[in-house]
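For reference, the structure discussed in these notes is given below.
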Number of protein chains: 2
Amino acid sequence: METTMQTIKVQTKSRPSTVYCGEGAIARAQEFLRGEDAFIVTDSNVNRLYGQAIRAWFPQAEVCVVPAGERHKNRTTLYKILDSMLKAQLHRTSVVAALGGGVIGDMAGFAASQYMRGTRLVQIPTTLLAQVDSSVGGKTAIDFRGVKNVLGAFYQPERVFCDPLFLDTLPKREIRCGAGEIVKTGVLDKGIWEKIKGSASGWASDGFLRSIVGDCVRFKARVVERDETESNGIRKCLNLGHTTGHALELLYGRRSHGEYVMIGIWFESILAEREGVCERAWAEEIRATIRQVLKRIPAFANAAEGLRYALLDKKNTGRGQISLILPKACGEYAEYKMAAEKYAEYLMLLEGGIR
Amino acid sequence: METTMQTIKVQTKSRPSTVYCGEGAIARAQEFLRGEDAFIVTDSNVNRLYGQAIRAWFPQAEVCVVPAGERHKNRTTLYKILDSMLKAQLHRTSVVAALGGGVIGDMAGFAASQYMRGTRLVQIPTTLLAQVDSSVGGKTAIDFRGVKNVLGAFYQPERVFCDPLFLDTLPKREIRCGAGEIVKTGVLDKGIWEKIKGSASGWASDGFLRSIVGDCVRFKARVVERDETESNGIRKCLNLGHTTGHALELLYGRRSHGEYVMIGIWFESILAEREGVCERAWAEEIRATIRQVLKRIPAFANAAEGLRYALLDKKNTGRGQISLILPKACGEYAEYKMAAEKYAEYLMLLEGGIR
């Protein structure tokens, strides 16, 4: 299959952004950073696999390597990056390049947003999750006191370079992680759902993944353009599966973000069905698709404790109430509020585990 | 003298802001915060003087008190505020009120900008400096590794309430501190300069200060509207006196920010005169006006070391070059670049001290 380069514009109020998806995206990044005062942030995993390549692609850039892993998405690492930026004497016109997965994108982006009140920023996502979702749209954040993404900024990158070359070295866990956001996007977009469904069991193949990245980016770009700072309700749709997903992730850890998102969608489809938000057939189709990637929905002992984290979610402004984005029909969603106690009762369904 | 309430709009791209200046501004703040989920950040000095009043004005609000003083404008205090916000279970729709001087405005503003990627924000400035300058325009920041304001965000407050009642309890040092920014604004604006000059030695009187706040806010509002994020060069003018002022402040500390700004303007007027940027008469008029407030320009041993800090200033993107905003004529300024070594030579003029 031949991949041609896709160029997707994201026209937000704060800063126009261009996303390049396809083979050769990394060459575009080289071109863009040539002659710039570039500062690359990456993690120890990416550095192990691509450290030499990075230094060959961007010979003039400073490279800042931070420890890999979600648990390092905290202020210690943030200040390590900021400290290196200061030592490298970066200025506002310098370009920070986040070269890594979602965690690197979040942290390097947040660092870029605040250093001298904002340097230039590009994203070079290396995981499926970051390519289909997190590198686009300008959300940056760190976790704090056990609350996910509670400190951060909306800060648009000038460019995003999604090169499929990085997908070749991804472990299965990382593919599953990206699959969470792809399924989410599919639930929200008919065209993408047809592709996911149509590919059946082979949907996580290389060719499929390469073609779906551009589709997901285009969908997200349209949402972000209409609601850059999640203030008019439109962008909220991207939180489908995330209220429960985040709560479980905080409570149990270990699995990847995307797996928790899938478990979240799986669980929230049951909730949508039982609350009469969607037809049973649609909820079952969602769950069947998730089970193509995630053979087993694990059991979560004391799942109802997730309520406490769900209540801290940024969407939940009303105290004692949970607000959820639920699937309504293929390509449609509904915002649904329910009493916290009722949500906790539903959470107990997760205590079983389902094959 | 009767003060009527002045209402000044600041129309920036990111968020419209309204500034109330005059007696009764605090009543407007009460009205605005009534029924809101309000979180007030203040410091130990303000709390000692106004703690009871604050709790009476805003009975439903949470109050977070942090240690007073410029040296606490760091990440430790920032995270203390963020931690309290989390404990108070604030959400995006909560309103953070920065009630204090420039340091509180900077830190509470930066905290508001990043908590859940941005809560609502109002400024209730209690010092002359904060009322005439720092509370308006959305700059927020903390110092880091000895560099002033190097981490921060542009984050506009929805409302600013400048009530003269707070000026009555200000110590002389705080009046001198505000005077720095008033003189700076005067150098940039003919109308304000006439007022400062006209008031001669009595210019720091109560009545004068009450009337000048609105003038300075109006001037700043027009600048900020044309260049919110200091990206097209217009907002740079507000840095007049600040490159040298900041450098000396970092090197020697002790004196207030505004005093250093005045010393910076005083010094940069000499530089402007000698480099042929302005006429001698204008430079002398500036210096004479500064000496109405600051009887003595102190001696700074090894002043040339200030170069190192001046080079880290956010305006200085070119390495080895210093960029300064210099007075050109009354109400006019020029951006002027010079070699770092030459600037360091000029700095040696400060080693003398002048009465």
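Contacts between B:T140 and chain A at a heavy-atom distance below 4.5 Å involve the backbone alone (N, CA, C, O).
The aromatic rings of B:H246 and B:H257 sit tilted relative to each other, their planes meeting at an angle between 30° and 60°.
In terms of non-hydrogen atom pairs under 4.5 Å with chain B, the most contact-rich of A:L86, A:D83, A:V147 is A:D83. Top candidate by heavy-atom pairs under 4.5 Å with chain A, chosen from B:A141, B:S113, B:G152, is B:G152. Of the listed residues (A:Y155, A:F144, A:F110), the greatest number of heavy-atom pairs within a distance under 4.5 Å of chain B belongs to A:F144.
In this model, a donor atom of one side chain and an acceptor atom of the other lie less than 3.5 Å apart for B:Q156 and B:E228.
For B:F32, the ring pair (Phe, Tyr, Trp, His ring centres under 6.0 Å) test picks out no residue, with sequence neighbours left out. Every residue two or more places apart in sequence or in another chain was checked for a side-chain hydrogen bond (donor to acceptor under 3.5 Å, both in side chains) with B:K13, and none qualifies.
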